[in-house]
There are 2 protein chains.
Amino acid sequence: MSDSGLNERASLLLKALVERYIRDGQPVGSRTLSRESALEVSPATIRNVMADLEELGLVASPHTSAGRIPTAAGLRVFVDGLVTVKPLQRKIAEEIETSFAEPVDSSQELVTNASKLLSQVTHLAGVVTMPRSTHAQLRQIEFLPLSGNRVLAIIVVNSREVQNRILNLDRHYTESELRQAANYLTEQFSGNEVDDVRDRLIDELKQARQSMNSMMLNAISMAQRAFEQGEKEDCVIAGKTNLMDIAELSDVEKLRQLFEVFNRKRDILHLLDQSSSAEGVQIFIGKESGYAPLNECSVVSAPYAVDDEVLGVLGVIGPTRMAYERVIPIVDVTARLLGKALKTG
Amino acid sequence: MSDSGLNERASLLLKALVERYIRDGQPVGSRTLSRESALEVSPATIRNVMADLEELGLVASPHTSAGRIPTAAGLRVFVDGLVTVKPLQRKIAEEIETSFAEPVDSSQELVTNASKLLSQVTHLAGVVTMPRSTHAQLRQIEFLPLSGNRVLAIIVVNSREVQNRILNLDRHYTESELRQAANYLTEQFSGNEVDDVRDRLIDELKQARQSMNSMMLNAISMAQRAFEQGEKEDCVIAGKTNLMDIAELSDVEKLRQLFEVFNRKRDILHLLDQSSSAEGVQIFIGKESGYAPLNECSVVSAPYAVDDEVLGVLGVIGPTRMAYERVIPIVDVTARLLGKALKTG
DNA sequence: TTTTGGCAGTCTGGCACCTAGAGTGCTAAT
DNA sequence: ATTAGCACTCTAGGTGCCAGACTGCCAAAA
């Protein structure tokens, strides 16, 4: 720790200041800091250091006779080098483990649970993106006839995911036609990855129009339509109400904007994607996220992976003065366990 | 209108007062009311009438020198007899119709759209319960083998709904076993109503253990397990953020409680169920709902039905001073159209 | 008997003012 | 380099005051 161009004493004081500020959200004065920090220095000395830190843009005072609060830059320095990450509390570690021990029917459910878990243990908003279904092996395709020209396509992936698509087709297909098509497709493509299947379907449809019998052609065209709707990108946000307490957002208008961002999940998703290429826990403080409604918020996120391949991102959203030293390990271990849970699934 | 034990003038004045109060949320004074109402009476006279209304508990003044605001009881009298319901604005009627004209894949989607629609046109929160799936005809059952002892049960209902259930069975079943079972069940029960099927399954399993071959027994037991998880009662709430504007809830704590109720949907569902036995639009004002977090809110709801059978309830949630004369017809027509849309589905 | 004008009384909201408390910046001494 | 001391600044909260908005009541008018 402590390499940010600051001498050791300045670092220590910044750390103490941030910790205190995170605890009770009030500007911290020199007298308090003098008592708080292990350093045995007088308030006056601290005032000098504070003046330096202010010069560097790491702290600011809301007005002349208030203490200092850390700026976004100050928090950045704090999380980058000063924070001493607390080991997980026993109780919380257990809570996380039992949550992942519960049986689930789908990765959708797994993701929902993880999101709720994050929000519960951090008392902030938890957010988890749906896992990218790359490396998803197609297991089976079924077509069931519905009324009219509509057909229900059922796609079984890996051993847990099931997707339904309703297709509106050009003509009526008999039950046996559909069965044949399904059998053909399952035989042909089962065991392959979904992405590959999608590509191969397109190829075959283009190249081999003549050389195939109409049954196969129909099958492939149906399958293609079933696949092309693709996975709707999405994420699960839990515990939004936890954010209503935090004083920084006491302004109802800001709260409102924040909640509207939660409805348009695309933006959140995009933000988290930035984190998917990073290794381990990443933190966005205030404006770093690039989204105005999140200006007063921080995001602590981590990618989760199966067999070293990143499938998605999870994290929490909270006020910039969140308890990073507690949240970081929680996000970290949750990401690991979610990866593990997805693998066994 | 006007039979609430009030003479005509008092009614007219109450009506004018409520309308004015709904418009701008301020206490209404006698001078204003004298100008506003068609009646040609002096403020002094109005003050006398107001004193009477206050005696009856229909209006109240926040403090000595403020105007009057209607109490919950006053609003009750207003919506019960005084309100002149506005015909739907052309623009809004069109918006509703085009919304229902859109093609949908499932009644889930239909309900979601209706909820969003309600919130959009009223600028309040829209809420729609999922339709009870009584009179849902079973069309088809399929079992697909998953890994281990797990089986995916697919139940096609009516011609649009598809339900997936994952069953953890006691032993492994071969693909042909599963196919046989599915065929048997589909032949046996297709065309029957889901509720009946559930009942009959239980009966057959109890009565005829000996007389059936094991294949049929297995099939029935599987089907029973697939059905017993039952429909999870649920409802869709859209446009919650619209409620963040309303001044009555500027208190963040109240807002928070309200939003937490939205997460525990059961309570909302229970409230709306009260309305499902009523005919047409029903209104709950403030505490009438019986849920403390909704004390500052009104709910305007209407059951929706297919072929005279009520399948669910929809409505809007907003401040007690919502524009009832606009909202009532919107809820009314949306309920009708949702019923119609479900029928054709 | 009902309605009205007038008047006294009351309450809010905004403004100006004050004070105590907290904390800073600067300077001079250690 | 650090510290004590002092003057200064700013906020939060309290008080007093005034204009404005209503009401309630009473007595006069219809």
Side-chain angles (χ1 to χ4, degrees), chain A residues 5-14 16-21 23-71 74 247-248 250-251, chain B residues 5-14 16-21 23-71 74 247-248 250-251:
Chain A
L6 298 175
N7 64 49
E8 190 158 351
R9 192 174 62 183
S11 296
L12 239 60
L13 284 175
L14 179 58
L17 181 140
V18 171
E19 283 169 350
R20 173 80 189 204
Y21 174 71
R23 259 229 311 288
D24 50 44
Q26 297 286 317
V28 186
S30 56
R31 171 194 298 272
T32 316
L33 218 44
S34 143
R35 266 186 275 106
E36 201 88 341
S37 79
L39 260 40
E40 300 241 333
V41 284
S42 76
T45 310
I46 291 182
R47 286 203 282 278
N48 291 327
V49 179
M50 286 302 138
D52 298 348
L53 290 177
E54 187 155 5
E55 190 91 6
L56 293 169
L58 302 181
V59 302
S61 51
H63 57 84
T64 336
S65 84
R68 305 300 212 294
I69 60 176
T71 61
E248 285 82 349
S250 60
D251 179 5
Chain B
L6 297 176
N7 63 48
E8 189 158 353
R9 192 173 61 181
S11 295
L12 239 58
L13 283 175
L14 178 59
L17 181 140
V18 171
E19 284 170 350
R20 174 80 189 203
Y21 174 72
R23 259 230 312 288
D24 51 44
Q26 297 287 317
V28 187
S30 57
R31 173 196 295 271
T32 316
L33 217 45
S34 142
R35 264 186 276 110
E36 202 88 339
S37 78
L39 260 41
E40 302 242 332
V41 284
S42 77
T45 311
I46 291 182
R47 286 202 282 278
N48 291 328
V49 180
M50 285 301 137
D52 297 347
L53 291 177
E54 186 154 5
E55 190 92 5
L56 293 170
L58 302 182
V59 302
S61 52
H63 57 83
T64 337
S65 84
R68 303 304 210 296
I69 60 177
T71 62
E248 284 82 348
S250 60
D251 180 5

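This structure is a prediction, so every number in the text was calculated from the model and none was measured. Proteins come first, then strands; the chains are lettered A, B, ... in the order of their sequence lines, and each starts at number 1.
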Can you tell me which nucleotide in C/dT3, C/dG5, D/dT2 comes closest to the side chain of B/Arg9? C/dT3

[X] [atom1] - [N] [atom2] separation (whole Å):
X: A/Ile69; N: C/dT24; atom1: CD1; atom2: P; answer: 13 Å
X: B/Asp52; N: D/dT23; atom1: CG; atom2: C1'; answer: 14 Å
X: A/Arg31; N: C/dG21; atom1: CZ; atom2: C1'; answer: 11 Å
X: B/Asn7; N: C/dT3; atom1: CG; atom2: C1'; answer: 14 Å
X: B/Glu54; N: D/dC22; atom1: CD; atom2: P; answer: 15 Å
X: A/Met50; N: D/dT3; atom1: CE; atom2: P; answer: 14 Å
X: B/Asn48; N: C/dT1; atom1: CG; atom2: C1'; answer: 13 Å
X: A/His63; N: C/dA22; atom1: NE2; atom2: P; answer: 13 Å

Given [N], is OP1 or OP2 found less than 4.0 Å from the side-chain N or O atoms of [X]?
X: B/Thr45; N: C/dT3; answer: no
X: B/Ser30; N: D/dT23; answer: yes
X: B/Arg68; N: D/dC22; answer: no
X: B/Thr64; N: C/dC11; answer: yes
X: B/Arg47; N: D/dA21; answer: no

Checking B/Thr32, B/Ile69, B/Leu17 against B/Pro27 for side chain to side chain contact (heavy atoms under 4.5 Å, CB included), the one that qualifies is B/Ile69

Separation between CG (B/Leu58) and CE (B/Met50), nearest 0.5 Å, reads 10.0 Å

Gap separating the CG atom of A/Leu6 from the CG atom of A/Asp52, nearest 0.5 angstrom: 9.5 Å

At under 4.0 Å between heavy atoms, what does B/Ala66 touch on the DNA or RNA strands: base, sugar-phosphate, or nothing? sugar-phosphate

B/Leu33 and B/Arg68: side-chain contact (heavy atoms from CB on, under 4.5 Å), yes or no, with the steps? CA-CA 10 Å; B/Leu33 217 45; B/Arg68 303 304 210 296; over 6 Å; no

Residue whose closest nucleotide on DNA chain C lies nearer the 5' end, B/Ser65 versus B/Ile46: B/Ile46

Given DNA chain C, 5'-ward residue of the pair B/Pro43 and B/Pro62, judged by closest heavy atom: B/Pro43

When you check the gap from the basic side-chain N to the acidic O, do B/Glu36 and B/Arg31 get nearer than 4.0 Å? no

